[in-house]
There are 2 protein chains.
Amino acid sequence: MAEPATRTVERALQLLGAVCDAGAVSLAEVSRETELSASTALRLLRTLENSGFVRKDTDGEYRPGLRLVQLGAQALSHESLIHLAAPALQRLVEATGESAYLSVRGHQGTGSDHAVYLAIAEGTHSVRHASWVGRSVPLKGSSLGIVFAGKTPETGYVVSDKGVEVDVTAIAAPLRQLGAAVTAGDSAPLAAISVVAPSYRMNPAEIERIGQLVATEARALLGAGLQN
Amino acid sequence: MAEPATRTVERALQLLGAVCDAGAVSLAEVSRETELSASTALRLLRTLENSGFVRKDTDGEYRPGLRLVQLGAQALSHESLIHLAAPALQRLVEATGESAYLSVRGHQGTGSDHAVYLAIAEGTHSVRHASWVGRSVPLKGSSLGIVFAGKTPETGYVVSDKGVEVDVTAIAAPLRQLGAAVTAGDSAPLAAISVVAPSYRMNPAEIERIGQLVATEARALLGAGLQN
DNA sequence: AATTAGCGTTTCAATAAGTGAAACGCATCA
DNA sequence: TGATGCGTTTCACTTATTGAAACGCTAATT
């Protein structure tokens, strides 16, 4: 498995990723981030712009374009993972009252130390953890971080109390099924589901109950994923 | 405005679009659709695959990849249009009880005769029009088709009775604000909002009432869009 | 069985195409 | 009034993309 890759395209995709990660960036910024010469970055960004993948708004900064939103929305709806996970997330909400998330880790290179929420089921408690689809969260010190590092213990779930956010407890479990699809054969999972709750509402018994629910749903998805 | 574009990248993006439109395609199919030689298509698809924008699943077909879903989700959440439109859609639902949609037309080239739903607010009636984010709908004969053709009359809205689907009435209005952002200066709008309802529940008076609501919300979005 | 057709894949020589240093004009800042 | 940083254009160098052709394969077709 060598690298039969097209450098130009790789760079363009890299730029696209950088623009999306930043939300809005100047030419100088992206070209620094991606370590491309300004002229090259400009040329590629223009190509991306012509195709609608990025747009250059009035203040001259580059932002994700409509074409990307369109394809993303389309892919999101085609993407089996999200559809498969939705009922599981819903069940977790019903069983716990807390918010449940489906996330993937940031792809190789850009933002690989972050996770992105792909789907969300909001909890029913009036005080609940609220985030949004597309939110990028740092992995460091979070339960997702441990899950994506492939260090989930035998119990099948990971708990982080006051990891990323204070007052918040997160309980996560890995989805391994698609392992071979994108990355090479390393044991790190591609996606995870998690329940995130205010810490004051948690106690060891409740945490274990939820943990087992999350782990069970994760394993169930694993089986269902084979339909693809 | 010449064409300072990078051919390789353009082709790769074209392929990406083709894969997304199809949902799942073989190499031979995309290379035919995009009019690229098989070897070129293969090389570019591999590059896209290495970056996670497409994936090649077990049956050898190419599908939208996780990276695209991730960026799309991210962009979707950053994208002001969808956030701006959400309250408007919600208001339309509250005022009409029917489902309301935000859509953009398929981008240049691939799928330009279709529209894609970007955001949805479901109606409150038990019998209601139900679709999903990412759904691609044909423009031909639909009110969206007329709106995207730039042929919206003075009234500010377009009605199509039994256009795309039988028993369904759609009322659409254009969002023009971002006109200059992506496409050249043609008068065609980039996005539209619409209310879609079962025809049996409609009558001329109700249609006019809803039409004016939709047109009003569309114009309001136009103003708000300047914050960007 | 022999034949045809279509697919995914690899190879390779021709050359078309991407590259980045340098220079420019234009802002803003010291 | 220099100095700094930005977006942009130009251009010679040559690297990296290209597509026809050939290969092995499977699955219809004869």
Side-chain angles (χ1 to χ4, degrees), chain A residues 1-19 21-65 109 180-182 184 228, chain B residues 1-19 21-65 109 180-182 184 228:
Chain A
M1 195 196 308
E3 296 238 20
T6 307
R7 191 172 61 146
T8 319
V9 176
E10 267 181 349
R11 290 175 160 184
L13 296 176
Q14 197 187 343
L15 279 169
L16 183 58
V19 169
D21 284 343
V25 272
S26 65
L27 171 62
E29 276 178 81
V30 267
S31 63
R32 243 179 284 112
E33 275 174 34
T34 55
E35 295 182 323
L36 293 174
S37 76
S39 50
T40 300
L42 179 64
R43 199 166 352 98
L44 296 180
L45 280 173
R46 281 193 178 143
T47 307
L48 290 170
E49 195 187 354
N50 283 338
S51 302
F53 281 82
V54 305
R55 61 175 224 271
K56 192 179 178 181
D57 58 14
T58 44
D59 54 11
E61 298 210 302
Y62 290 94
R63 298 175 179 241
V182 172
N228 195 21
Chain B
M1 194 194 308
E3 297 238 18
T6 308
R7 192 171 62 145
T8 320
V9 176
E10 266 181 349
R11 290 176 161 184
L13 296 176
Q14 198 186 344
L15 279 170
L16 182 58
V19 169
D21 285 343
V25 271
S26 65
L27 171 62
E29 276 178 80
V30 267
S31 64
R32 244 179 284 112
E33 276 174 32
T34 56
E35 295 182 322
L36 294 173
S37 75
S39 50
T40 300
L42 178 64
R43 198 166 355 95
L44 295 181
L45 281 173
R46 279 193 179 143
T47 307
L48 290 170
E49 195 187 354
N50 283 338
S51 303
F53 280 81
V54 305
R55 61 177 226 270
K56 192 178 179 181
D57 59 13
T58 44
D59 54 10
E61 299 210 303
Y62 290 94
R63 299 177 180 241
V182 173
N228 195 21

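Side chains are part of it too, since the values below use all heavy atoms of this structure and drop only hydrogens, waters and symmetry mates. Each chain gets a letter, A, B and so on, in the order its sequence line appears, and its residues count up from 1. Owing to the predicted nature of the structure, the values given are computational and were not obtained by experimental measurement.
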Side chains of A:L48 and A:L45 in contact at under 4.5 Å (non-hydrogen atoms) | yes

Does any non-hydrogen side-chain atom of B:E61 lie less than 4.5 Å from one of B:D57?
-> yes

Residue whose closest nucleotide on DNA chain D lies nearer the 5' end, A:V9 versus A:Y62 |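 In this pair, the answer is A:Y62.
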
Spatial distance of atom [atom1] ([X]) from atom [atom2] ([Y]) [nearest 0.5 Å]:
X: B:F53; Y: A:L16; atom1: CZ; atom2: CG; value: 5.0 Å
X: A:T8; Y: A:E10; atom1: OG1; atom2: CD; value: 9.5 Å
X: A:E33; Y: A:Q14; atom1: CD; atom2: CD; value: 10.0 Å
X: B:L42; Y: B:L27; atom1: CG; atom2: CG; value: 5.5 Å
X: A:R55; Y: A:E49; atom1: CZ; atom2: CD; value: 10.5 Å

Using atom [atom1] of [X] as one end and atom [atom2] of [N] as the other, report the distance to the nearest whole Å.
X: B:R7; N: C:dT19; atom1: CZ; atom2: C1'; result: 16 Å
X: A:L15; N: C:dG18; atom1: CG; atom2: P; result: 15 Å
X: B:L42; N: C:dT9; atom1: CG; atom2: P; result: 5 Å
X: A:L44; N: D:dT17; atom1: CG; atom2: P; result: 12 Å
X: A:E61; N: D:dG5; atom1: CD; atom2: P; result: 18 Å
X: B:L45; N: D:dG19; atom1: CG; atom2: P; result: 14 Å

B/S/- contact track for nucleotides 22-30 of chain C, protein heavy atom under 4.0 Å = ---------

Non-hydrogen atoms of [X] and [Y] that approach each other most closely:
X: B:P64; Y: B:V19; value: N-CG1, 3.7 Å
X: B:A38; Y: B:S31; value: CA-CB, 4.2 Å
X: B:A18; Y: B:V30; value: CB-CG1, 3.9 Å

Does the side chain of A:R11 get closer than 4.0 angstrom to OP1 or OP2 of D:dA16 through an N or O atom?
-> no

Under 4.0 Å: is that the gap between some side-chain N or O of A:R43 and OP1 or OP2 of D:dG7?
->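 For D:dG7, OP1/OP2 do not have a side-chain N/O of A:R43 under 4.0 Å.
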
Of the listed nucleotides C:dA17, D:dG19, C:dG8, the one nearest the side chain of B:T40 |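 The answer is D:dG19, which lies nearest to the side chain.
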
Taking five pairs at each end of the helix from C:dA1-D:dT30 to C:dA30-D:dT1, what angle separates the two helix axes (nearest 10°)?
->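 Axis-to-axis angle, ends of the helix: 30°.
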
Does any residue of residues 27-38 of chain A have a heavy atom under 4.0 Å from DNA chain C, and if so, which ones, in number order?
->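 Those residues are A:S37.
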
Flag, side chain of A:T6 to backbone of B:T47, donor-acceptor distance under 3.5 Å = no

